[in-house]
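So the structure is just underneath, and the comments pick up after that.
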Amino acid sequence: MGAGVATGGQVVTRFAPSPTGFLHIGGARTALFNWLFARAQGGKFLLRIEDTDRARSTQPAIDAILDGMRWLGLDWDDEAVFQFARADRHAEVADTLLANGHAYKCFATAEELESMRAEQKANKQPMRYDGRWRDRSPDEAPAGAPFVVRLRAPREGAVTIEDRVQGAVTVQNAELDDMVLLRSDGTPTYMLAVVVDDHDMGVTHVIRGDDHLNNAFRQLALIRAMDAVEGGWPDPVYAHVPLIHGADGAKLSKRHGALGVEAYRDEMGILPEALNNYLLRLGWGHGDAEIISREQATEWFTLDGIGRSPSRFDTKKLENLNGHYIREADDTRLATLVLPAVIAQAGREIGPDGAELLRRAMPFLKPRAKDLRDLADASAFLFRTRPLDMDERAASLLDSAGIDLLAAVERAIAGVDDWSATALEAAVRAVAETAGLGLGKVAQPLRAALTGRTTSPGIFDVLALLGREESLGRLADRLAATN
RNA sequence: GGCCCCAUCGUCUAGCGGUCUAGGACGUCGCCCUUUCACGGCGAAAACACGGGUUCGAUUCCCGUUGGGGUCACCA
């Protein structure tokens with residue numbers, strides 16, 4: 001009865017990943033929603049690492065998660081809490097429950113439970129613990145026998161959660177069995193740990209994946225038991241967010257494109273603001289808004305905007321958003337991000353002059369890229385060493401007619417004093433005109449000779465970027481190659 | 001299988017009883033711009049899963065069917 005929904009006071013949310021893998025896309029969205037809600041409400045956003053599974057928790061996974069969150073700009077308040085370190089406190093709560101009759105010792109062995117489930121399955125009964133030790137005295141167990149501590153959950157009635165996303169959800173208590181709180185080795189289970197930690201951390205709003213909706217009822221039973229014995233354990237507000245599925249509608253799993261966020265960063269060349277924007281729109285909406293800045297999101301975000309149905313991950317839309325943010329991004333930043341890949345492609349060091357050239361080229365390169373890999377690829381021509389290798393299509397542009405045109409262009413621009421895009425354009429246009437050809441006929445062989453490819457930024461910008469010496473050198477290489 | 005949740009264009013969504021001949025975005029397809037590729041502009045095709053109710057009136061409310069998802073550990 002005393003367990004009212006937490007109201008008033010400061011909003012506290014948390015993100016609680018278990019470090020058994022990297023920060024995947026679903027976790028990132030959960031973290032984002034928690035972060036946004038806390039910031040929008042002027043509350044706190046906490047981070048808790050659920051490392052109670054000692055066998056599967058790893059330091060590299062912890063680092064990857066923290067790294068991913070920093071990359072996404074999801075900063076957390078206070079120190080991150082490590083769940084395993086709090087095992088004593090968890091056990092303390094279990095003992096309190098035990099002392100007050102809200103929990104009991106269960107001496108059933110693993111084999112015993114296994115056969116119980118097998119029998120239930122054979123009889124098409126729901127598989128759940130039958131409460132065989134619920135009302136038995138511990139004295140009936142063999143001396144020194146191992147036991148687990150189970151919650152003595154209510155069996156009558158039903159519990160309704162007013163979920164902020166899913167609405168009112170009711171489950172009969174008869175559907176729930178008595179969950180294990182403490183394992184036979186005395187360590188706390190996840191169910192116990194989350195509840196105790198959320199309480200101790202003052203978490204008011206639990207925003208998490210839909211897959212935890214059923215757990216919420218068990219956890220609530222535990223919360224209400226503690227509230228009954230010592231008070232001060234209010235029900236948290238729950239918001240269970242539908243999961244993200246793969247493009248085919250199947251659950252996103254490791255083999256199903258559930259990549260860590262670092263893969264989006266390192267392998268796909270996604271900008272964090274693009275991923276944030278995409279993730280925000282996946283399952284949350286605000287009218288027709290599509291391009292939403294972090295600031296705007298913080299202002300707009302509400303739990304009511306979260307949709308109730310699962311959504312599919314759409315790489316195309318992410319790429320589109322990414323292209324948008326690349327176009328908006330600062331040139332120096334982009335040049336810095338792309339530099340390592342450009343160096344790798346060039347196969348040589350690129351000094352300060354090269355870095356500066358890369359930066360100056362960005363305005364012409366970035367409208368054409370949907371990710372950082374594209375951007376790096378498109379930048380590569382700037383740093384190729386002479387004589388340039390021609391790809392197949394570029395080579396075919398430089399047939400004898402192309403070479404003749406190239407020679408004419410070379411003669412025309414060699415005399416240009418002002419090596420600017422406008423001046424060069426005038427010179428090249430004149431060549432096309434005299435030849436009675438469209439500019440395209442002249443520009444393509446020129447592009448091939450200058451870049452080794454058939455696509456590039458505007459050819460006059462390329463000329464200007466490369467500079468007189470390099471440009472004429474590249475043309476000379478081509479002309480010489482055919483003589 | 002039991003229990004729980006969900007259901008608008010291919011995808012993400014707007015819609016919260018009449019304003020819906022259902023809006024936007026991505027993608028797709030045309031056209032324009034144009035030195036290539038992009039960007040940008042214009043336009044097109046494309047959806048309320050089905051069946052019952054409730055109501056003067058349902059995309060919107062209720063029930064069922066179908067479909068999808070989640071969950072049933074001494075894992076988190």
Side-chain angles (χ1 to χ4, degrees), chain A residues 16-20 50-53 55-57 83 106 108-110 113-114 117 120-121 124-129 146-150 163 165-167 169-172 174-177 179-185 187-191 193-194 209-215 217 240 242-243 245 247 249-251 278 281-291 304 307-321 323-324 327 364-370 374 378 393 397 425 428-429 432 438-444 446-448 451 453-460:
Chain A
S18 61
T20 53
E50 311 221 314
D51 56 351
T52 54
D53 186 340
R56 295 199 300 154
S57 297
Q83 193 162 61
C106 168
T109 63
L113 293 176
E114 207 170 299
R117 289 192 193 100
Q120 288 169 338
K121 190 171 186 178
K124 298 199 162 151
Q125 298 294 312
M127 288 189 287
R128 56 178 82 106
Y129 176 68
F147 62 88
V148 300
V149 174
R150 287 181 185 271
D163 193 273
V165 173
Q166 305 294 346
V169 184
T170 302
V171 164
Q172 299 299 317
E175 298 293 334
L176 276 19
D177 61 5
M179 64 176 168
V180 173
L181 265 22
L182 247 33
R183 301 189 185 98
S184 50
D185 63 0
T187 60
T189 60
Y190 161 78
M191 287 291 186
V194 227
D210 212 346
D211 49 340
H212 287 283
L213 183 54
N214 291 294
N215 286 339
F217 292 90
H240 287 95
L243 302 179
H245 292 164
K251 186 187 180 183
Y278 179 71
R281 282 289 291 109
L282 194 60
W284 180 87
H286 187 272
D288 285 344
E290 294 287 348
I291 302 292
D304 299 327
R308 283 160 307 175
S309 53
S311 44
R312 302 186 185 200
F313 195 85
D314 182 2
T315 306
K316 280 285 195 296
K317 189 152 184 175
L318 206 211
E319 284 173 349
N320 174 271
L321 242 16
H324 169 85
R327 271 167 254 138
F364 310 105
L365 259 14
K366 64 185 184 181
R368 301 174 156 76
K370 66 180 190 304
D374 286 351
R393 285 185 298 174
L397 282 171
E425 175 164 2
V428 175
R429 278 189 188 278
L439 183 55
K441 287 289 179 194
V442 181
Q444 279 308 83
L446 178 57
R447 187 182 320 277
T451 68
R453 303 290 122 103
T454 52
T455 66
S456 79
I459 201 60
F460 309 114

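Numbers restart at 1 for each chain; the letters A, B, ... are given by sequence-line order, proteins then strands. No experiment lies behind these values; they were computed from the predicted model shown.
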Any chance you could measure [X], atom [atom1], to [Y], atom [atom2], to the nearest 0.5 Å?
| X | Y | atom1 | atom2 | value |
| --- | --- | --- | --- | --- |
| C106(A) | Y129(A) | SG | OH | 3.0 Å |
| T315(A) | Y278(A) | OG1 | OH | 7.0 Å |
| L318(A) | R281(A) | CG | CZ | 13.0 Å |
| R117(A) | M127(A) | CZ | CE | 8.0 Å |

According to a strict under-4.0 Å criterion, is [X] in side-chain N/O contact with OP1 or OP2 of [N]?
| X | N | value |
| --- | --- | --- |
| S184(A) | C74(B) | no |
| R150(A) | C74(B) | yes |
| N320(A) | G27(B) | yes |
| R128(A) | G1(B) | no |

Determine the contact category for [X]: base if any of its heavy atoms lies under 4.0 Å from a base atom, sugar-phosphate if only primed atoms, P, OP1 or OP2 are that close, otherwise nothing.
| X | result |
| --- | --- |
| G283(A) | sugar-phosphate |
| V169(A) | sugar-phosphate |
| R56(A) | base |
| K124(A) | nothing |
| M179(A) | nothing |
| R393(A) | nothing |
| H240(A) | nothing |
| S57(A) | nothing |
| N215(A) | base |
| T187(A) | nothing |
| A174(A) | nothing |
| S311(A) | sugar-phosphate |

Where do N or O atoms of nucleotides 22-24 of chain B meet protein N or O atoms at under 3.5 Å, pair by pair?
unit_1: G23(B); atom_1: N2; unit_2: D288(A); atom_2: OD1; d: 3.1
unit_1: G24(B); atom_1: N2; unit_2: R281(A); atom_2: NH2; d: 3.3
unit_1: G24(B); atom_1: N2; unit_2: E290(A); atom_2: OE2; d: 2.7

Does any nucleotide pair with G67(B) by Watson-Crick or G-U wobble geometry, both distances under 3.5 Å, and what is it?
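Result: C6(B).
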
Paired with G40(B): which nucleotide, if any, by Watson-Crick or G-U wobble criteria at under 3.5 Å for both distances?
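By the stated definition (distances under 3.5 Å), C32(B) pairs with G40(B).
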
For the [atom1] atoms, the ones on [N] and on [M], what distance do you get once it is rounded to whole angstrom?
| N | M | atom1 | answer |
| --- | --- | --- | --- |
| A22(B) | U8(B) | C1' | 8 Å |
| G69(B) | C62(B) | P | 24 Å |
| G18(B) | C33(B) | C1' | 44 Å |
| C39(B) | G27(B) | P | 8 Å |
| U59(B) | C20(B) | C1' | 8 Å |
| A25(B) | C37(B) | P | 25 Å |
| G40(B) | A45(B) | C1' | 22 Å |
| G10(B) | A47(B) | C1' | 10 Å |

Mind checking side-chain hydrogen bond (donor to acceptor under 3.5 Å, both in side chains) for [X] and listing every partner two or more places apart, or none if nothing turns up?
| X | result |
| --- | --- |
| Q444(A) | R447(A) |
| D210(A) | none |
| K370(A) | D374(A) |

Under the side chain to side chain contact (heavy atoms under 4.5 Å, CB included) rule, collect the residues that match up with A378(A), sequence neighbours excluded.
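Scan of A378(A) (side chain to side chain contact (heavy atoms under 4.5 Å, CB included), adjacent residues dropped) gives L365(A).
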
Return the minimal non-hydrogen interatomic distance between V165(A) and R308(A), and the atom names on each side.
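Shortest heavy-atom contact: O-CG, 3.0 Å.
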
From CG of D177(A) over to P of G2(B), roughly how many Å is that when rounded to an integer?
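Result: 18 Å.
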
Distance check needed: C74(B) C1' versus D53(A) CG, whole Å only.
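Atom CG in D53(A) sits about 12 Å away from atom C1' in C74(B).
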
Sugar-phosphate means primed atoms, P, OP1 and OP2; the rest is base. With that split, encode nucleotides 31-49 of chain B 5' to 3' as B, S or - using protein heavy atoms under 4.0 Å.
----BBBBSS---------

For residues T189(A) and M179(A), determine if any side-chain heavy atom of one lies less than 4.5 Å from a side-chain heavy atom of the other.
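Not in contact.
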
